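Okay, structure first, notes after.
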Amino acid sequence: MTVFERTHAIFDDEDVLRDDYQPERIEERDEELEEYKAYFQPVINGKQPRNIFLYGKTGVGKTVATKYLLSHLERDAERYDDLDVTTVYLNCEHLTSSYRVAVNLVNELREEGEEISTTGYPRDAVYDMLWTELETVGGTILVVLDEIDYIGDDDSLLYQIPRARSNENLHEAKVGIIGISNDFKFREQLDPRVEDTLCEREIHFPPYDGNELRNILEKRSALAFEDGVLSEDVVPLCSALAAQDRGSARQALDLLFEAGDLARRNGDESVTEHHVRNARARLEKRQIEESMKDLTSHDHLTLYTITALTVFGEEMPVRRQTIYDRYEDVAMSTDHDPLAMRSLHAHLSDLVMLGILERHERNEGRSGGAYYEYELGVDLDAVVTTLDGLAITGNLDTDRLRATAVRQGLIDSS
DNA sequence: TATCCACTGGAATATGTGGTCG
DNA sequence: CGACCACATATTCCAGTGGATA
């Protein structure tokens, strides 16, 4: 009997498919890079840097292009003795105010161990610290604020930075902001004065089409996979699926990686269309589960309530009052104080925004009035799996939930 | 066409948490 | 310690809303 068997290596270097991989060459973005490069020219000439605003959906090369150009810029600037270029990269994900972004910038610029805490200081004190740090660094400083739309409508920092010199907050340092956003509407919600300065140069990154994605995937897969393990139709399929959806290279690369990973785990010799299709389903499910994990406890209770209503035979979709009645019981049985109706309503709206719930508007006029009806907007299996892993549902019977759902054919029994 | 139902959702305000500073 | 700060969440209050019906 054979105990050990040689497995087939699928990947040569899987890191090439990862999010943080920085390719030697950026594919399919020649025009954008050309434009982008031109906007950096003043920096090399020793002038005040321009503020630049990049926008485009996720996975269309904004961040990769930025990191690529900035690393070249820093390197090329070293050839000039009178030039001192520093870049600071900050991802603003979850930083929902100017204050938080400022705190994170200060910490980014400070030595390890010298960081400040995220609350407690007056706003102006943090801004002063920021000016001090920027002055200490001096020279030309390019601040990249990725996913800047998280900052919402509190844009005072974006107003202050470009004006720091004329307000005598900065003397030595020349600061330029590079704002990156997924959401073009963000621009419109800015204060007009901020929009003027921040968006003085802007570049749009369009989604990739199928052919572009195919080229990108071919270049990457040549490095990532062992020779000959990809069957012919894998790259075209990943490209086509991603192109149909959002035109995101990120998505196409994730799909390719996941397909390879599945093949590896199954001990298969090659990656086939079949793996890609499975990978897609797995990624979708995982994405739903991820999005549900960072919700608040009352979001989870709300979600549990609706799931329970779905599984235990309530007529779907359900109205708010029905949800609320059940929710009160659920909250009590898990040692939570039930929230007021208005708050539950807010949680329902949040879940709708996240696509986890669906909401239908109904209006029965004088006799019935206007109201919403809610139901789950995502795969029931994914919801039950997530709820099962949560601490708050400890004394709720998620096993019975799943068993009942399976019995009713709402979930596959696998 | 005015009415009226059963909500919705904005705004002001309150509460609780985790922090600085003198 | 007490005064103060930022922020996430809740609560309270209530002016709309849109369409079936009298």
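No experiment lies behind these values; they were computed from the predicted model shown. Here is the naming used below: chain letters follow the sequence lines, and residue numbers restart at 1 for every chain.
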Report which part of the nucleic acid [X] touches: base, sugar-phosphate, or nothing (heavy-atom distance under 4.0 Å, all strands).
| X | value |
| --- | --- |
| A:R362 | nothing |
| A:T296 | sugar-phosphate |
| A:H94 | nothing |
| A:H298 | sugar-phosphate |

Just to confirm, is there a sub-4.0 Å distance from OP1 or OP2 of [N] to any side-chain nitrogen or oxygen of [X]?
| X | N | result |
| --- | --- | --- |
| A:H345 | B:dC7 | no |
| A:R342 | B:dT13 | no |
| A:S97 | C:dC7 | yes |
| A:R320 | B:dT8 | yes |
| A:Y372 | B:dA6 | no |
| A:H347 | C:dA10 | yes |
| A:R319 | B:dC7 | yes |

Distances under 3.5 Å between protein N/O atoms and the N/O atoms of nucleotides 18-21 of chain C, please, pair by pair.
{"residue": "C:dG18", "atom": "N3", "partner": "A:N363", "partner atom": "ND2", "Å": "3.3"}
{"residue": "C:dG19", "atom": "O4'", "partner": "A:N363", "partner atom": "ND2", "Å": "3.2"}
{"residue": "C:dG19", "atom": "N2", "partner": "A:R366", "partner atom": "N", "Å": "3.3"}
{"residue": "C:dA20", "atom": "N3", "partner": "A:R366", "partner atom": "N", "Å": "3.3"}
{"residue": "C:dT21", "atom": "O2", "partner": "A:R366", "partner atom": "NH1", "Å": "3.2"}

Rounded distance (Å) that lies between atom [atom2] of [N] and atom [atom1] of [X]:
| X | N | atom1 | atom2 | value |
| --- | --- | --- | --- | --- |
| A:Q321 | B:dC5 | CD | P | 17 Å |
| A:L348 | C:dA10 | CG | C1' | 15 Å |
| A:R123 | C:dA6 | CZ | C1' | 9 Å |
| A:D294 | C:dT9 | CG | P | 11 Å |
| A:I116 | B:dG18 | CD1 | P | 19 Å |
| A:R359 | B:dC7 | CZ | P | 14 Å |
| A:R100 | C:dC5 | CZ | C1' | 12 Å |
| A:D124 | C:dC4 | CG | P | 17 Å |

Can you name the closest pair of heavy atoms from [X] and [Y] and give their distance?
| X | Y | result |
| --- | --- | --- |
| A:K62 | A:S181 | CE-O, 3.7 Å |
| A:Y127 | A:A102 | CE1-CB, 3.7 Å |
| A:I10 | A:V229 | O-CG2, 3.6 Å |

Residue A:Q408 excluded, over 12 heavy atoms near CD under 6.0 Å | yes
Tell me, yes or no, whether the heavy-atom count around A:E111 atom CD, taken from other residues, nucleotides or ligands under 6.0 Å, exceeds 12.
-> no
Could you list the residues that satisfy side-chain hydrogen bond (donor to acceptor under 3.5 Å, both in side chains) with A:D128, not counting sequence neighbours?
-> none
Aromatic ring centroids of A:H72 and A:Y68 under 6.0 Å?
-> yes
Of the candidate nucleotides B:dC7, C:dT11, C:dA10, which contains the atom at the shortest distance from the side chain of A:A340?
-> C:dT11
Return the orientation label for the A:H298 and A:H336 ring planes: parallel under 30°, perpendicular over 60°, tilted otherwise.
-> perpendicular
Ion pair present between A:D261 and A:R264, side-chain N to carboxylate O less than 4.0 angstrom?
-> yes
With 3.5 Å as the limit, what N/O pairs link the protein to nucleotides 20-22 of chain B?
none

Do any N or O atoms from the side chain of A:N107 and from the backbone of A:N104 form a donor-acceptor pair under 3.5 angstrom?
-> no
